[in-house]
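Down below is the structure, laid out as structure tokens.
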2 protein chains.
Amino acid sequence: MIENDIFRALSDPTRRAIFEKLAAGGMNASALREGMEISQPAMSQHLAVLRSAKLVREERQGRFVNYEVDPDGLALIAQWLEKYRAYWPARIEALKVLLKDMDQ
Amino acid sequence: MIENDIFRALSDPTRRAIFEKLAAGGMNASALREGMEISQPAMSQHLAVLRSAKLVREERQGRFVNYEVDPDGLALIAQWLEKYRAYWPARIEALKVLLKDMDQ
DNA sequence: GAATCACATAAGTATGCGCTTATGTTTTGG
DNA sequence: CCAAAACATAAGCGCATACTTATGTGATTC
């Protein structure tokens, strides 16, 4: 079950930090490690978990592997959240403003 | 960190099932167990985790304890998701329709 | 083409997590 | 009151998980 993978992947703070970094722009694994105090294998393993959760996708570029946010995982969380939208009415207005902004 | 508690709480499929049940309507712990094949202590422990993640809140009613969805946890997830809204444009249209419906 | 770089995988270990059994606490009904 | 019901908490156990060290793999550079 993919929902399982997604929430499990995000339950680790290190993995959320990695994801947040990637959300600011695609990056290879070495660049991701900068300023994070994490070993190379640990990073590789975290990326594998994020990848199998469809939160991140990879792209070989020579001997580097570029990583970037995969919209699929986020869409699944959004979909999950929508099921319970009746419970967060307070945020509706904020979302409306947001959508209006994206309209231009 | 509360975000940690939330994602960790949702990473367990049993806990997501409990949450989903509660989303359909408030219920006490015994009622929640019906049709779930889960022991009483296990249920109590799961509810404690959901509670500390602000996904669920309790209300004593005699010797029963009624549980219901707490909007706070959901709002926090929505807030977290919004940070990455640039990455799920495909879902924007669906959300728009949704918000329009809620307008009446 | 051999050394090196960027990264993945393997194996082992310590800690966390979800379950069980057992017991405690609060409330109600007779 | 006191027995039972509804839940919470405690302690222990097996398994997942996040890390480490070591090694493997594919691409590049000299």
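The figures that follow rest on heavy atoms only: side chains count, while hydrogens, waters and symmetry mates do not. So that the names make sense, note that chain A is the first sequence line, chain B the second, and so on, each numbered from 1.
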Tell me: [atom1] of [X] to [atom2] of [N], nearest whole Å?
{"X": "A:Leu50", "N": "D:dA18", "atom1": "CG", "atom2": "P", "result": "11 Å"}
{"X": "A:Glu59", "N": "C:dA6", "atom1": "CD", "atom2": "P", "result": "18 Å"}
{"X": "B:Phe64", "N": "D:dA8", "atom1": "CZ", "atom2": "C1'", "result": "16 Å"}
{"X": "A:Arg60", "N": "D:dA27", "atom1": "CZ", "atom2": "P", "result": "6 Å"}
{"X": "B:Glu37", "N": "C:dG18", "atom1": "CD", "atom2": "P", "result": "19 Å"}
{"X": "B:Leu10", "N": "C:dC17", "atom1": "CG", "atom2": "P", "result": "14 Å"}
{"X": "B:Gln40", "N": "D:dT9", "atom1": "CD", "atom2": "C1'", "result": "10 Å"}
{"X": "B:Glu58", "N": "C:dT27", "atom1": "CD", "atom2": "P", "result": "12 Å"}

Legend entry - Residue mapping more 5' on DNA chain D - nearest nucleotide basis, A:Arg8 or B:Ser44: B:Ser44
Inset, instruction - For B:Ala48 and for A:Ser11, locate the closest nucleotide of DNA chain D by heavy-atom distance; then report the residue assigned to the nucleotide nearer the 5' terminus. - result: B:Ala48
Approximate separation, where rounding is to 0.5 Å, of [X] [atom1] and [Y] [atom2]:
{"X": "A:Ile38", "Y": "A:Arg33", "atom1": "CD1", "atom2": "CZ", "value": "8.0 Å"}
{"X": "B:Ile6", "Y": "B:Ser11", "atom1": "CD1", "atom2": "OG", "value": "12.5 Å"}
{"X": "A:Arg15", "Y": "A:Arg8", "atom1": "CZ", "atom2": "CZ", "value": "5.5 Å"}
{"X": "A:Arg57", "Y": "A:Leu50", "atom1": "CZ", "atom2": "CG", "value": "14.0 Å"}
{"X": "A:Glu68", "Y": "A:Glu59", "atom1": "CD", "atom2": "CD", "value": "6.0 Å"}

Nearest-neighbour nucleotide for the [X] side chain, [options] considered:
{"X": "B:Pro41", "options": "C:dT20, C:dC7, C:dG18", "value": "C:dT20"}
{"X": "B:Arg63", "options": "D:dT20, D:dA8, D:dA4", "value": "D:dA4"}
{"X": "B:Asp12", "options": "D:dA6, C:dG18, C:dA6", "value": "C:dG18"}
{"X": "B:Tyr67", "options": "C:dT9, C:dG18, D:dA8", "value": "D:dA8"}

Legend entry - C:dC19 OP1/OP2 closer than 4.0 Å to side-chain N/O of B:His46: yes
Looking only at atom types and distance, does a side-chain atom of [X] sit under 3.5 Å from a main-chain N or O of [Y], one as donor and one as acceptor?
{"X": "A:Lys21", "Y": "A:Leu32", "value": "yes"}
{"X": "A:Asn28", "Y": "A:Ala31", "value": "yes"}
{"X": "A:Tyr67", "Y": "A:Ala29", "value": "no"}

Inset, instruction - Please evaluate the base of D:dT20 for a donor-acceptor partner in the side chain of A:Gln45 within a cut-off of under 3.5 Å? - result: yes
Legend entry - hydrophobic_cluster_shared for B:Ile2 and B:Val49, side chain cutoff 4.5 Å: no
Inset, instruction - Specify the residues of residues 23-34 of chain B, ordered by number, for which at least one heavy atom lies under 4.0 angstrom from an atom of DNA chain C. - result: none
Inset, instruction - Go ahead and write out DNA chain D as dot-bracket, 5' to 3': ( ) for pairs within the strand, [ ] for ones crossing earlier pairs, | when the partner sits on another strand, dots for unpaired; Watson-Crick or G-U wobble, both distances under 3.5 Å. - result: ||||||||||||||||||||||||||||||
Inset, instruction - Name the orientation class of the two ring planes belonging to B:Trp80 and A:Phe19 (parallel below 30°, tilted from 30 to 60°, perpendicular beyond 60°). - result: parallel
